[in-house]
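In what follows, a structure is listed as structure tokens, so that the remarks can point back to it.
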Amino acid sequence: MIRPTAVIPASGLSSRMGKYKPLLSLGNGTVLSACVDLFRSQGVERIFVVTRRQDDEVALAARRAGAETVSNPNFEHGMYSSVLAGVHALPEDADAFFMLPVDIPLVLPRTVARLLETFEESRPTVLYPRFLGQRGHPPLIGREVVPAILSHDGRGGLRAVLNRFEDRAKDLDVADFGIGFDLDHPADYERAKPLFGREYPLPEECEQLWKLHGVHGHISDHCRAVSRVAVALAKALNATDRSGRLDTGLVLGAALTHDIGKGTKRHEVVGAEMLHSHGFHAAAEIVRAHFDTALKPDEPITEREIVFLADKLVRCHSPVPLRDRYLEKVEMYADEPGAREAILGRMDRADGLRARFDQEAGTSSERLARETLA
């Protein structure tokens, strides 16, 4: 087993943000604690946060989060001075280390887990996470690179050093937009706040998931159409006295990936496991349930039912009356014993959900689907 560590440079000036980035609130903690917790959650035991001084506010916050601190009196000389300070502090038994600037706090825990797994299997000199063809943070850097980092004069930064090891580097494709999203400006911070801790894929991450799992053509077209209808249904229900109850981001991500396992037996189960493997657990459970519905009268309509209903209102990428969608299946499987009864049972349950949605939202779901896909 490898013995990884992590370095988090956190001594920058935050001049473009206007506020000191490491101590900005994020989730139930701060930007800094989010970065520390990211590694701790994946078993990285020694995490070094590079601060300006050992007794400054960031250093105190880092130690409270469970990290060790390294002071960088040369912080005004730029990022590479923090890289040097962090690398100098690495223990001798560290096989590899992550490098994550503190202003990149949205990396998914599953990305770190997959980087560790892949590094253990193939032992590249440098392992980069890659999203939609672009490398991001945090790279996992082998111990053998340390002398080159320490002897470098700083020109071109850490990238210039790592480029020397390109022939021994490897890329790991991940569905994680966070590897390239940094908090440079106040608008970036405002975007980050609602995304932290999410368990569903963003639209661009869905594109990556499709590529990773071979989804294309009519399946991706169907998922896009279903996602448009699902978001429209969620907004319609949120416009009632239940306003804000449904998470449209979760609805969108789950709808875009609901058929990611298509072409396999029990594709909804396979699709759910695919999403779980990328850390999108909330979306995975919606995908797992999109084959049938069993909502009880006293249970509220959730994102799960919205995605289920939207899927039943779309044939390929066009709107379709819900009952027609099922009756087509009855005809298709007419010669299969027991199929007619099973399909009609699912149709009645789905139609009951449709009627309940229409009543609660005060509008026709089938009409919404037609208008949305017009």
Side-chain angles (χ1 to χ4, degrees), residues 200 219 221-259 261-262 266-269 271-272 282-334 336 338-374:
Y200 60 83
I219 297 176
D221 288 344
H222 172 69
C223 288
R224 289 189 184 96
V226 169
S227 73
R228 292 171 59 195
V229 173
V231 170
L233 296 178
K235 288 181 176 179
L237 202 57
N238 281 347
T240 67
D241 59 0
R242 300 167 179 79
S243 178
R245 180 168 56 84
L246 297 175
D247 184 339
T248 55
L250 174 55
V251 167
L252 177 60
L256 282 169
T257 54
H258 78 279
D259 269 352
K262 199 73 171 180
R266 297 197 66 193
H267 74 279
E268 71 280 5
V269 175
E285 290 312 303
I286 292 175
V287 169
R288 188 188 301 276
H290 87 271
F291 181 70
D292 198 0
T293 183
L295 188 68
K296 297 177 181 177
D298 60 341
E299 293 178 332
I301 294 175
T302 68
E303 294 87 353
R304 178 183 59 193
E305 286 73 41
I306 291 295
V307 173
F308 170 85
L309 182 57
D311 181 43
K312 304 308 174 282
L313 296 174
V314 177
R315 180 204 295 119
C316 297
H317 55 274
S318 301
V320 61
L322 183 144
R323 294 182 70 87
D324 287 1
R325 183 98 144 80
Y326 283 94
L327 292 175
E328 291 169 356
K329 298 293 185 183
V330 169
E331 187 174 336
M332 185 181 304
Y333 295 101
E336 188 173 314
R340 175 183 175 84
E341 292 76 13
I343 295 169
L344 291 177
R346 293 199 299 273
M347 181 181 73
D348 288 343
R349 290 188 289 275
D351 203 38
L353 173 61
R354 177 202 57 76
R356 180 175 165 186
F357 173 90
D358 291 359
Q359 180 182 20
E360 293 188 12
T363 189
S364 165
S365 53
E366 291 184 345
R367 180 177 59 79
L368 272 176
R370 290 194 301 272
E371 292 175 351
T372 300
L373 300 179

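Reckoned from all heavy atoms, side chains included, excluding hydrogens, waters and symmetry mates. In this chain, residues are counted from 1 in sequence order.
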For [X], all residues meeting salt bridge (Lys or Arg N to Asp or Glu O under 4.0 Å), sequence neighbours excluded:
X	value
Asp324	none
Arg370	none
Arg288	Glu273, Glu285
Arg356	Glu360

N/O donor-acceptor pairs under 3.5 Å from side chains in residues 226-234, not counting sequence neighbours:
residue : atom : partner : partner atom : Å
Ser227  : OG   : Arg224  : O            : 2.6
Arg228  : NH2  : Thr372  : O            : 2.5

Non-hydrogen side-chain atoms of [X] and [Y] separated by less than 4.5 Å:
X	Y	result
Tyr200	Val251	no
Leu373	His317	no
Leu322	Leu309	yes
Leu327	Leu344	yes
Glu366	Asp358	no
His258	Phe308	no

According to the salt bridge (Lys or Arg N to Asp or Glu O under 4.0 Å) rule, which pairs have a member within residues 338-351, sequence neighbours left out?
->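 Non-adjacent pairs meeting salt bridge (Lys or Arg N to Asp or Glu O under 4.0 Å): Asp292-Arg349, Arg323-Asp351, Asp351-Arg354.
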Evaluate whether atom CZ of Arg367 has more than 12 neighbouring non-hydrogen atoms of other residues, nucleotides or ligands under 6.0 angstrom away.
-> yes
Is it the case that more than 12 heavy atoms not belonging to Glu331 sit under 6.0 Å from its CD atom?
->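 Count not over threshold, so no.
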How long is the gap from CD1 on Ile306 to OG on Ser365, to the nearest 0.5 Å?
->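 That separation rounds to 9.0 Å.
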Ignoring hydrogens and angles, tell me if any N or O in the side chain of Asp259 forms a donor-acceptor pair with the backbone of Lys262 under 3.5 Å.
-> no
For a side chain to side chain contact (heavy atoms under 4.5 Å, CB included) with Lys235, tell me which candidate from Leu368, Leu246, Thr248 qualifies.
->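 The passing option is Thr248.
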Would you sort out whether Leu313 and Arg325 count as a side chain to side chain contact (heavy atoms under 4.5 Å, CB included), showing the intermediate values?
-> CA-CA 7 Å; Leu313 296 174; Arg325 183 98 144 80; over 6 Å; no
